[in-house]
Amino acid sequence: VSVVETFHLVGANEALDWGDAPTLCEFNGATLQVDEADVHYCLLEIPVARAIAALPPAVHPCIPGVIAVLHYHCPVSDIGAFELLTLAVLCRSAAKHRMMTLSAFTNNSQAQSFFRDGWGYPVALADVKLAIQYDRVRSVVVQHGKKVLDVATRNPIALTGPGASVRYAQSLNRAHTPRGSKLVQVDVSYEFKRSARGVPQFYVYDGAALGDPHPMPGHPVSGTLVRANISFDAVRFVADPNTTAEAGGITVVKEKSAVVA
Amino acid sequence: VKFGLLMENSVPRPWTRFAERDVFRNSIEQVQVAESSGFERVWAVEHHFLEEYSHSSCPEMFLTACAMVTSKIRLGFGIATCVPEMNHPARIAERAATLDLLSNGRVDVGTGRSSTWNELGGFRANIDNTKKSWDEYVHAIPRMWTQERFAHEGSSFSMPERCVLPKPLQKPHPPLWVAVTSPGTEIDAAERGLGCLTLAFGNVGGFVDRFAAYRKRIKTCEPAGAFVNEQVAAASWLFCHPDADMAIEKGRRMLTGFGSASSQIMEIKQAYPASNYLEPGLLGMFRADPDSPGMKGKKIPDGLCVGDPAMIIEALKRWENAGADSVVFLINYMEVLTQSEVLDSLRLFAKEVMPHFDKSKTDVMVAEEQYRVRS
């Protein structure tokens, strides 16, 4: 029994609702390259107990607890212009930082199918907008005529040099797969063009609609806006939702070389 | 080469009522045995909110307890975090001077700026300014010790004239160090005449050039304090046991414990992109997923002192050849080793390994160079 298995905190949500989880009929190797995308990423703290309650036993909570909004604004792509916004709880699989998706929204029905069927995002259609202003960057989600999310990065300042790169946690999505009910890891790679950092703040946070029925997170960590070429890579790893990576919970779906080929 | 300890005071879960108390008590006994075995110095880190990883938030209190049961071993206070939201520089000066008096002049002071969101975010620190505040602190604290009264108008702190008390016993003042993890910080240390406490835990080869650069640059330094403290200390793990295989297995478990405990912590680089935190700190260096299949069967990293005495002598010779004046050891982590295993390891090290290293060379350095008073 390793030190990790013995001592460290793990998620306590053993009863993930798989009923409405997306289905991946196959690991089809889908990829998507998007040039000149804007990526708005907001991190705010939440209580560790809240994170533990949201996470499956396969992963460890991030300490302190952190919730993330990750918004891709993609004006041009093979599936058309689209917005993709996810709300997630930061966690880790063994030593690797990840985030467990709680909800996802897009404004493009083709993108909805593409991300749901390819990577297991629980994507709902909504009016999703990114507004870039000099005093703030704002992501807003309106669903069924109701604003469910309004989050901004205030006073963004440009980052330069090597400090301009942002380390994003890769997403984990629950999905029915050919390997059973799994957490599907989404590998996204970034080629940074420019970036800015500011202070994140929620203005509207409809927890019930966002899959996180809790009060609005308050303690800011950081907010960033990045212009980048991004690549959604083919699924490489899936994880058993109840088995930690240290205990062998990770399954390799495709080797990296095979994906590249 | 001299030898020392680096006490993190890690406390694994489950946190039973006596778990933390027992870790601290064991650590004090380890320091006592280390002193009687010929170890020269013990460092106690300052960390806050780092669950399991380190419960050493008040190192000067721990070191005071050590001072009361020892008489020779030097006491490394720090790394004291030189960030205003966490420590006012006058408080660092006061606490270090008090410890210096209580220990009869045995204190070294290590300085740093933290690299975790847990700590800096927890105190709502201005993360972009930590390099600047550290620089201001290392110049101010020696003046607080050496001047009867001190006043300051600066960017990270200001204070009207006050007599910062008590004054340290060591004259002109205790030696100052800086924790070195990111490449380039050894130059920061050299330019200010500070000791270089490298917290890399292994990778000897990677430090040869950095140590040489430190030695070269410090010759033309403008010391922050009243003298140049030209010393290079390297950090490593120690588990010395007659059975090499058993030692390596236990050492691997300590490394795993360190890796997994550190992975629970949020590095600044992950949370808050900033130009003054380009590299992962000490914690990030060991996030190589120690339980992943790729790590199975791998050798203990270069320079770590885990094995039988012969293996450890070989590792230490590499540090000596690289230019380290001293090596400080983590001697347990996450309570992987029992207390008797830790103490036996220290004693075996003292008996079988220490005699292979010449302490007189560094004794001369201390006498002739360490206290080179600024003209």
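Every chain is numbered from 1, with letters handed out A, B, ... down the list of sequences.
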Might you point out which heavy atoms bring [X] and [Y] nearest each other, and give the distance in Å?
| X | Y | answer |
| --- | --- | --- |
| A:His97 | B:Ser263 | NE2-O, 3.7 Å |
| B:Gln264 | A:Leu9 | OE1-N, 4.3 Å |
| B:Asn118 | A:Ile63 | ND2-O, 2.9 Å |
| A:Pro220 | B:Arg124 | CD-NH2, 4.1 Å |
| B:Ser260 | A:Arg92 | O-NH2, 4.1 Å |

| B:Lys132 atom NZ, over 12 foreign heavy atoms within 6.0 Å | no

| field | More than 12 heavy atoms of other groups within 6.0 Å of A:His214 NE2 | value | yes

| request: Could you tell me the separation between the SG atom of A:Cys62 and the CD atom of B:Gln270, rounded to the nearest 0.5 Å? | output: 7.5 Å

| said: I need the A:Glu246 CD to B:Thr256 OG1 distance, nearest 0.5 Å. | reply: 10.5 Å

| query | Do the side chain of A:Ser222 and the main chain of B:Ala271 share a donor and acceptor less than 3.5 angstrom apart? | reply | yes

| note | For residues 39-48 of chain A against chain B, heavy atoms under 4.5 Å, the residues are A:Leu43, A:Glu45

| task | Tell me, for A:Leu90 versus chain B, whether the close heavy atoms (under 4.5 Å) come from the side chain, the backbone, both or neither. | result | side chain

| query | With a 4.5 angstrom heavy-atom cut-off, which part of A:Ser165 approaches chain B: side chain, backbone, both or neither? | reply | both

| query | Do you know which of B:Pro273, B:Gly121, B:Gly122, B:Ala261 has the most heavy-atom pairs with chain A at a distance under 4.5 angstrom? | reply | B:Pro273

